[in-house]
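Reviewing the structure listed below.
Index from 1, following the sequence. Small disclaimer: the values here were computed from a predicted structure and weren't measured. Atoms within each ligand, like the ligands themselves, are counted from 1 in listed order.
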Amino acid sequence: MTGSCRLGWGLAILFLIATLTLSYTFLIQGKTGPSSDGRTAIILTPGERDLVLTEMRAFLTAVQAIIDKANQKDAPGIVKAARAVGMQTAGAVPVSLMGKLPLAFKELGMGTHHRFDQLALDAEQMEDTQQVLMDLSVLLNNCIACHAAYRIEAEQPCTP
Ligand code: HEC
């Protein structure tokens, strides 16, 4: 092997390691750290935290509306409330924020949007409000699982 060839391989391997490390931190680990209550802390800027928590409050609003509409046996009302937090709304997260969220968090989050769509579909096709309440009860396990595992903490400003 010539010297330049060896250099080429060396660079290729270095590049591969850098790519793998970046993919690991960006896609799988996110920007996380330990926290005082044992949950994994996700470190976000105030703006990013606001965005995640705004989405959370939309989840809670949807849960209330779905129960309310189910009590009134109002299937179209359920569909509307559930679709408001379905997959369609999940695309609004900036890439920079995506990179800070751990993979398991993203999966749970996407899974929750998906379940709201599924619930909307059940309400639409079966008009069975009892089924909707069962869907909702299963879906709420996603909320519980994620809240048990993660919290959000503010990014510390750089100290000189
Ligand atoms: C993928 C993870 C995840 C899922 C799924 C999830 N949450 Fe959250 N939620 C969080 C995190 C993290 C926080 C911040 C908690 C903290 O910092 O202590 C939060 C906070 C909240 C808050 C507080 C909002 C505020 O303004 O302070 C509400 C309400 C909430 N979630 C509702 C829900 C509901 C309802 C669901 C299910 C339909 C849900 N969440 C699903 C991760 C999740």
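- A donor-acceptor contact closer than 3.5 angstrom links the side chains of Asp68 and Gln72.
- Residues Gln118 and His113 have side chains that never bring a donor and an acceptor to within less than 3.5 angstrom of each other.
- Using a cutoff of 4.0 Å between basic side-chain nitrogens and carboxylate oxygens, Arg39 and Glu153 are not scored as salt-bridged.
- Here is the list of ligand 1 atoms found below 4.0 Å of a heavy atom in Phe105: 1 (C), 2 (C), 12 (C), 42 (C).
- What sits closest to atom 29 (C) of ligand 1 on the protein, heavy atoms only, is Leu60 CD2, 3.8 Å.
- No side-chain donor-acceptor contact under 3.5 Å links Lys69 to the backbone of Ala75.
- For the pair Phe116 and Thr89, the minimum side-chain heavy-atom distance is 4.5 Å or more.
- Ligand 1 has at least one atom lying under 4.0 Å from a heavy atom of Leu139.
- Scanning the protein for heavy atoms near atom 30 (C) of ligand 1, the closest one is Met56 CB, 3.4 Å.
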Next on the checklist: Using side-chain contact (heavy atoms from CB on, under 4.5 Å), reason through Met87 and Met110 one step at a time and then give a plain yes or no.
Outcome noted: CA-CA 7 Å; Met87 282 305 267; Met110 288 299 167; 4.0 Å; yes
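- Scanning all protein heavy atoms for the shortest distance to atom 31 (N) of ligand 1 gives His147 NE2, 2.9 Å.
- Distances from atom 23 (C) of ligand 1 to the heavy atoms of Leu53, Val85, Ile152 show the closest one on Leu53.
- Inspection of the Thr45 and Glu48 side chains reveals an N or O donor paired with an N or O acceptor under 3.5 Å.
- Atom 41 (C) of ligand 1 has its closest protein heavy atom at Cys143 CA, 3.5 Å.
- Scanning the protein heavy atoms around atom 15 (C) of ligand 1, the nearest turns out to be Arg151 CA, 4.2 Å.
- Checked against a 3.5 angstrom limit, the closest N/O atoms of Thr112 and ligand 1 fall outside it.
- Within the 4.0 Å heavy-atom criterion, the part of Arg39 lying near ligand 1 is the side chain and not the backbone.
- At a 3.5 angstrom cut-off on N or O pairs, Arg57 counts as close to ligand 1.
- In terms of modelled atom types and a separation under 3.5 Å, the side chain of His114 and the main chain of Gly86 share no donor-acceptor contact.
- Contact annotation: Cys146 places no N, O or S atom under 2.8 Å from atom 8 (Fe) of ligand 1.
- For ligand 1, the atoms lying closer than 4.0 Å to a non-hydrogen atom of Gly109 are 1 (C).
- For ligand 1, the polar-atom distance check finds no N/O of Asn142 at less than 3.5 Å from any of the ligand's N/O atoms.
- Salt-bridge annotation for Arg151 and Asp37: present, with a side-chain N of the basic residue lying under 4.0 Å from a carboxylate O of the acidic one.
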